[in-house]
Chemist: 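I'd like to ask you about the structure that follows.
This is a predicted model, so every value here is computed, not measured. In what follows, every chain begins at residue 1, and chains take the letters A, B, ... in the order their sequences are listed.
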There are 2 protein chains.
Amino acid sequence: MSKKRATLIDVAKLSGLSTGTVSRVLNGHPSVSDEARKKVEDAIKKLNYVPLSTARSLAKGVSNVIMLSMIEENPILPSTWRYELPVIQGIYDCLRDTPYNLQVGIGFVEEAQKSKFFENLLKDKYIDGLLILGSWPIDHRSLIYLEERNIPYVLIGCRSSVPTRAEVNFDNHGAVVEVIEYLVQLGHTKFALIGGLKEQLHMVDRAKGFRDALLARDLKVYPNLIKFGDYQIDSGYRLMLELLEEDPRPTAIICGNDLMAAGAIKAIHDKGYKIPSDFSVVGFDDSEISKVVDPPLTTIKAPTFEMGNLAVEKLCSMIQQKDMELEEIAILPCELIIRSSTGECNQKN
Amino acid sequence: MSKKRATLIDVAKLSGLSTGTVSRVLNGHPSVSDEARKKVEDAIKKLNYVPLSTARSLAKGVSNVIMLSMIEENPILPSTWRYELPVIQGIYDCLRDTPYNLQVGIGFVEEAQKSKFFENLLKDKYIDGLLILGSWPIDHRSLIYLEERNIPYVLIGCRSSVPTRAEVNFDNHGAVVEVIEYLVQLGHTKFALIGGLKEQLHMVDRAKGFRDALLARDLKVYPNLIKFGDYQIDSGYRLMLELLEEDPRPTAIICGNDLMAAGAIKAIHDKGYKIPSDFSVVGFDDSEISKVVDPPLTTIKAPTFEMGNLAVEKLCSMIQQKDMELEEIAILPCELIIRSSTGECNQKN
DNA sequence: TTGTAAGCGTTATCAG
DNA sequence: CTGATAACGCTTACAA
């Protein structure tokens with residue numbers, strides 16, 4: 001049953017041409033006569049020949065492999081999954097027009113914050129470029145290894161303490177600024193933040209956006225109204241209960257994700273208040289949850305698919321022109337999706 | 001900057017030994033003197049040498065690549081994402097103890113139902129084995145290609161019209177039977193099904209489980225209480241409204257996923273009924289949504305991580321013993337998670 | 001336009 | 001236990 005697979009030499013024999021010519025046909029080289037091309041193509045078809053990628057790689061000195069390393073919380077958070085799969089889709093979508101194959105590796109945040117992370121990950125691997133998808137700081141010593149090895153890489157959603165060649169991210173800061181602008185128009189002045197994991201990079205940027213937006217409007221930043229949880233529903237619930245006891249009491253609450261917003265909404269309802277008449281609540285992610293909760297959630301949608309696309313584009317151009325010196329970081333805008341969990345501020349000041 | 005990477009020959013020179021010996025050290029071959037081994041290891045360290053995987057593959061005749069092909073609805077459904085990422089995690093978790101690298105390819109259902117799907121997908125690729133992750137029928141002619149090429153493969157969550165070598169799935173049928181048993185104990189006799197996409201394999205099996213469970217209990221299967229939607233919240237809402245008009249009116253509703261269940265709950269509430277006193281509602285997936293809706297949803301959790309693990313185990317053993325004839329299909333049990341959307345049937349019969 | 005042959009970096013088979 | 005040396009399948013000067 002297991003007939004040996006045909007090789008390029010078999011094709012050459014059958015077509016009566018040389019291996020060189022066959023190879024040229026395979027690689028779309030211009031200087032091949034139509035006649036020869038035809039013969040080779042027939043032989044290929046007849047033999048069911050498929051070139052062996054490893055042999056090709058070896059001869060050409062390229063691997064045609066791009067590796068995606070996903071750096072995950074441990075245990076992995078559902079909202080991370082929800083964010084990462086569209087990114088992967090975007091990556092693959094862009095990659096299918098290229099000769100590159102996509103290989104994946106999954107690591108944990110703790111590992112990526114140690115120095116030999118990529119060295120270990122890439123042990124025994126031969127890749128042309130690396131995509132790094134994560135939400136936590138990357139140990140810069142790991143990145144040095146990539147530089148030494150001359151492996152082009154693009155960071156997606158994460159960064160290191162030292163500046164890196166190329167980064168793709170969405171605009172956490174701007175998104176929060178935008179939603180606060182919107183809420184200020186509605187008359188809100190007392191804002192609270194129910195954050196997710198405090199050290200996570202997206203959250204760091206959003207917290208900064210939160211402060212900056214308020215300061216820009218000459219609104220007061222109340223430290224007691226800024227709290228952090230763990231992106232799970234329960235922490236949203238708990239933190240909202242705390243907020244209801246604070247002084248001043250906020251009228252608008254920005255949450256780290258839709259799930260925490262759902263928890264906050266539950267807390268508000270449990271205490272007998274109404275949304276949006278008593279409180280405006282904003283989520284993040286535009287997940288299904290935002291449509292399921294009552295009232296439907298105003299939320300922020302990150303351009304995940306586009307991020308994947310752009311990251312691949314950048315990586316490919318880095319691979320082409322090996323020594324580009326660009327140190328470029330792309331920040332894509334988010335979309336504010338307004339539903340009914342936000343409304344006019346009814347509290348007299 | 002881009003110093004050439006060291007090769008095995010460099011290591012041989014520096015250590016004063018032959019390439020053969022270096023190779024033996026690399027591959028943990030027993031017949032190497034401790035002294036030689038030490039010298040080689042020193043040289044490797046000094047040169048920062050890493051073997052080139054493609055050269056290795058070529059010489060050994062294996063690729064060390066396992067490909068995961070994900071077959072998706074178009075556009076991709078969020079609930080599919082939610083299911084697939086844990087499977088991938090399970091796959092990777094098992095693979096990191098092996099020499100195999102994981103490569104991924106994403107295709108759409110329409111493509112996989114045509115005959116040349118895998119031929120196209122694997123064009124120019126050299127893999128040792130294939131994992132096929134999907135929820136829709138696979139064209140069996142595509143699989144013939146794999147057989148001819150002698151590429152071991154494992155289907156995850158899907159199947160073809162002809163029996164295949166190895167399949168891993170979760171027990172859709174049994175899960176529905178179990179939940180109906182549970183509801184029967186609570187006194188329910190009139191069951192409705194709000195299905196997801198009707199032709200999708202998981203749904204096919206669940207619908208069959210639905211009928212079988214009722215018949216086994218000598219309960220009537222009302223065709224007008226079996227409806228199919230598209231796994232989105234709106235169709236759950238709409239179909240529930242329809243069910244409220246049917247005769248007989250069901251008291252227990254099994255939904256295709258948590259999202260449709262959320263829609264159904266909304267419809268029930270909108271019409272002024274209570275859960276679980278008037279209706280019991282069951283979801284599927286144990287997604288975050290099941291904890292967000294009110295009341296929290298009784299649902300079914302599939303062993304996604306374990307499926308990934310098992311699939312890899314199977315594939316690896318198929319790769320080892322090339323011509324195993326097993327035609328084995330593994331069905332893993334689901335977990336019924338009881339929350340408060342289900343309860344005693346209060347309707348007098 | 002085509003053929004020849006020398007690599008690409010490893011492994012594996014033989015002798016020694 | 002070790003060293004030559006021929007594969008592995010393909011690409012690519014270089015010649016013709």
Chemist: So, does A/T21 get its side chain near the phosphate of C/dG3, meaning an N or O under 4.0 Å from OP1 or OP2?
Modeler: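 For C/dG3, OP1 or OP2 has a side-chain N or O of A/T21 closer than 4.0 Å.
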Chemist: The side chain of A/L17 is closest to which nucleotide in this list: C/dG3, C/dG9, C/dT13?
Modeler: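 The nucleotide sitting nearest to the side chain is C/dG3.
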Chemist: Looking only at the side chain of B/S18 (C-beta and beyond, no hydrogens), which of the listed nucleotides D/dT2, C/dT11, D/dC10 gets closest?
Modeler: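 Looking only at heavy atoms from C-beta outward on B/S18, the closest nucleotide is D/dT2.
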Chemist: Report the distance from atom NE2 of B/H29 to atom P of C/dT11, rounded to the nearest whole Å.
Modeler: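 It is 12 Å, rounded to the nearest whole Å.
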Chemist: Specify the separation, in whole Å, of atom NZ of B/K13 and atom C1' of D/dT2.
Modeler: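 So the NZ-C1' distance, B/K13 to D/dT2, works out to 19 Å.
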Chemist: Take B/K60 and A/G16, find for each the nucleotide of DNA chain C with the closest heavy atom, and name the residue whose nucleotide sits nearer the 5' end.
Modeler: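 Whichever sits nearer the 5' end wins; that is A/G16.
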Chemist: Side chain of B/L52 only, please: which of D/dT2, C/dT10, C/dT2 is the nearest?
Modeler: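 So the nucleotide nearest the side chain must be C/dT10.
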Chemist: Evaluate the ring planes of B/H202 and B/Y83, with Trp represented by its six-membered ring, and classify them as parallel (under 30°), tilted (30 to 60°) or perpendicular (over 60°).
Modeler: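 Geometry flag for B/Y83 against B/H202: perpendicular rings.
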Chemist: Output yes when at least one side-chain N/O atom of B/T7 is less than 4.0 Å from OP1 or OP2 of C/dG9, else no.
Modeler: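 Negative; the distance criterion is not met.
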Chemist: Between D/dT2, C/dT10, C/dT2, spot the one nearest the side chain of A/S31, thanks.
Modeler: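 That would be C/dT2.
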Chemist: Tell me whether the side-chain N/O atoms of B/T19 come closer than 4.0 Å to OP1 or OP2 in D/dT5.
Modeler: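 The answer is no; no side-chain N or O of B/T19 sits under 4.0 Å from OP1 or OP2.
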Chemist: Can you identify which nucleotide, out of C/dT10, D/dG9, D/dT2, has its nearest atom closest to the B/Y49 side chain?
Modeler: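 Per side-chain heavy atoms of B/Y49, the pick is C/dT10.
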Chemist: Let me confirm one number: the CD-CG distance from A/E72 to B/L85, rounded to the nearest 0.5 Å.
Modeler: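 CG of B/L85 is found 6.5 Å from CD of A/E72.
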Chemist: Checking all strands, does B/G20 fall into the base, sugar-phosphate, or nothing category for heavy-atom contacts under 4.0 angstrom?
Modeler: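 Base: the residue B/G20, judged by heavy atoms under 4.0 Å, touches a nucleobase.
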Chemist: Check this for me: does any side-chain nitrogen of one of A/K38 and A/D34 sit under 4.0 Å from a carboxylate oxygen of the other?
Modeler: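 Salt bridge absent between A/K38 and A/D34.
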Chemist: When all nucleic acid strands are considered with a 4.0 Å heavy-atom cut-off, which category describes B/V11: base, sugar-phosphate, or nothing?
Modeler: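 The residue B/V11 makes no contact with any strand.
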Chemist: Nearest-Å distance, CZ (A/R24) to P (C/dT2)?
Modeler: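 My rounded result for the distance is 8 Å.
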Chemist: Going by an N to O cut-off under 4.0 Å, is there a salt bridge joining A/R149 and A/E119?
Modeler: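 So A/R149 does not pair with A/E119 through a salt bridge.
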